[in-house]
Amino acid sequence: MSLAEKALEQGEGILRLSPTWVPRSFCVPGRRIKLHPDDYYMLGGARGGIDERWLSSTTPAQNGPLTSKNEGLSHVVFHDGQELKLFLLKDVIDELKGEIIGSRIWDKYKSWPMYSKFFDNMGPLPHHVHYDDKISALTGQVGKPEAYYFPPQLNNHGGDFPYTFFGISPGTTKDQIKTCLMNFNKGDNKITNYSQAFRLEPGTGWDVPPGMLHAPGSMCTYEPQKASDIFAMYQSLVNEAIIPDELLWNGTPKDRIGDFDFLVESLDWELNINPNILETRQMLPKNVYERHWMHAHGFEENWICYLSRDFSAKELTVFPGQTVTIKDSAAYGLIMMQGHGKMGVWDVETPALIRFGQLTHDEYFVSEKAANEGVKITNLSKTDPLVMLKHFGPDNPDLKI
């Protein structure tokens, strides 16, 4: 029996994962993802601060020439007798295939085609875009839809700018955006003059399709997304920091670098100038089942990301002292947000502080079989809710919204 098979058997269909920390050289950490204060620059000043934790990831981070081996990839934690072993979740999925993620996803994608992350910046990010599949294919990549949810547990403060710019204001012309891009190396290219910002609220979220310009605000964000790391920065100055020119052309084919028309045409123009962005892209939590029924059975579960076919996410709350069995039709990763208890054979707990390299009991991956059979969860606290976020792959059969 292989290590992957042993780990899946030991966890009765649920794999324990270790924390995956990712730095960004152009960001300042917001310090809300529970990493020890001394450890945010553990990878060195040149790499930048650690402002992301990637969840259930089989997608390597695209972080330039200094990127470390396996950066961004989740590892499975397995006790082989007295010996502790770590190995890549990607290798487990490649080996076990449909046995872990289900034949529906494996047969179509031959991989786990999404991941999630905590994204934690003190300030806002530049107005940028993730290209769609057609544009991304020009550089051998895939497009990247993503979504945001702002967990109350990680947002005791909103950072420097808890507002996100979305899209382009109706009435803006393509020539106006092109002029901004041509001014990229002249200081502030003022592209957000042609956008609109929305205040971010804990407990709500947003859907961000590929091709849509967005400048994420400074709230700590739970971010499910398609398994891709393609992006291009269209704003040259943000929070008084200059954005390098190469990030404007990131994701552009080599033979099109310098072609500003290509950058404009790579945007989904109609999506960006939509006058009803608030009504069509904001996501408020939606009950999975009838609320009174859930409360009578000791829990509440809400859809929090539900507008993309490429992924979805739920927030599950088990009330103090309650035991529930939750069934899902698809495999999923999960991260604990609050409380402690038992989940199947595993202890689950929410650490207050994590050292770089420390193992935890707050992140897991649930196989499709275990999800179908139902995961038994017990909240061992008499006072504290047990809360977890669950991220699913594409075309979730349970998503009927």
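Quick caveat, the model's predicted, so the values are computed rather than measured.
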Where do Trp249 and Phe260 land on the ring-ring contact (aromatic ring centres under 6.0 Å, His included) test, with the steps shown first?
CA-CA 10 Å; Trp249 302 104; Phe260 293 97; 5.2 Å; yes

Sequence neighbours left out, what pairs pass side chain to side chain donor-acceptor pair (under 3.5 Å) with at least one residue falling in residues 267-280?
Asn274-Thr280

Can you tell me if Glu290 has over 12 outside heavy atoms packed within less than 6.0 Å of its CD?
yes

What residues form a side chain to side chain donor-acceptor pair (under 3.5 Å) with Gln176, not counting sequence neighbours?
Thr173

Counting N and O atoms only, with roles assigned by atom type, does the side chain of Ser57 sit under 3.5 Å from a partner on the main chain of Tyr115, one being a donor and the other an acceptor?
no

For residues 305-312, which side-chain donor-acceptor pairs fall under 3.5 Å, sequence neighbours excluded?
residue : atom : partner : partner atom : Å
Tyr306  : OH   : Leu284  : N            : 3.1
Tyr306  : OH   : Leu284  : O            : 2.6
Ser308  : OG   : Asp310  : N            : 3.1
Arg309  : NE   : Asp395  : OD1          : 3.3
Arg309  : NH2  : Tyr109  : OH           : 3.1
Arg309  : NH2  : Asp395  : OD2          : 2.8
Ser312  : OG   : Asn396  : ND2          : 3.2

Among residues at least two apart in sequence or on other chains, which ones pass ring pair (Phe, Tyr, Trp, His ring centres under 6.0 Å) with Tyr131?
none

Could you work out, with side-chain contact (heavy atoms from CB on, under 4.5 Å) as the rule, every residue matching Glu368, not counting sequence neighbours?
Ala331, Asn372

Residues forming a salt bridge (charged side-chain N to carboxylate O under 4.0 Å, His left out) with Lys376, sequence neighbours excluded:
none

Once ring pair (Phe, Tyr, Trp, His ring centres under 6.0 Å) is applied, do any residues pair with His127, and if so which ones, sequence neighbours excluded?
none

Test ring pair (Phe, Tyr, Trp, His ring centres under 6.0 Å), reference His391, set Phe365, Tyr332, Tyr222, Phe118, output is Tyr222

How would you list, by chain and number, every residue that makes a ring pair (Phe, Tyr, Trp, His ring centres under 6.0 Å) with Tyr41, sequence neighbours excluded?
none

For the residue pair Ser218 / Asp160, report whether a side-chain donor-acceptor contact shorter than 3.5 Å exists.
no

Measure from the side-chain N and O atoms of Thr221 to the backbone N and O of Glu223, and report whether any donor-acceptor pair falls under 3.5 Å.
no

Presence of salt bridge, Lys97 and Glu99, under 4.0 angstrom
no

Between Arg32 and Asp120, is there a salt bridge with N-O shorter than 4.0 Å?
yes

Who passes side chain to side chain donor-acceptor pair (under 3.5 Å) against Asn70, sequence neighbours left out?
none

For residues 313-326, which side-chain donor-acceptor pairs fall under 3.5 Å, sequence neighbours excluded?
residue : atom : partner : partner atom : Å
Lys314  : NZ   : Asp328  : OD1          : 2.6
Glu315  : OE2  : Tyr149  : OH           : 3.0
Thr323  : OG1  : Thr378  : OG1          : 2.9

Around atom NZ of Lys134, are there more than 12 heavy atoms from other residues, nucleotides or ligands closer than 6.0 Å?
no

Show every salt bridge (Lys or Arg N to Asp or Glu O under 4.0 Å) that has at least one partner inside residues 163-173, sequence neighbours left out.
none

Kindly compute the distance separating OG (Ser266) from CG (Leu138), expressed to the nearest 0.5 Å.
7.5 Å

Keeping the roles fixed (side chain from Asn250, backbone from Phe231), state whether a donor-acceptor pair exists under 3.5 Å.
yes

Using the ring pair (Phe, Tyr, Trp, His ring centres under 6.0 Å) criterion, which residues pair with Phe87? Sequence neighbours excluded.
none

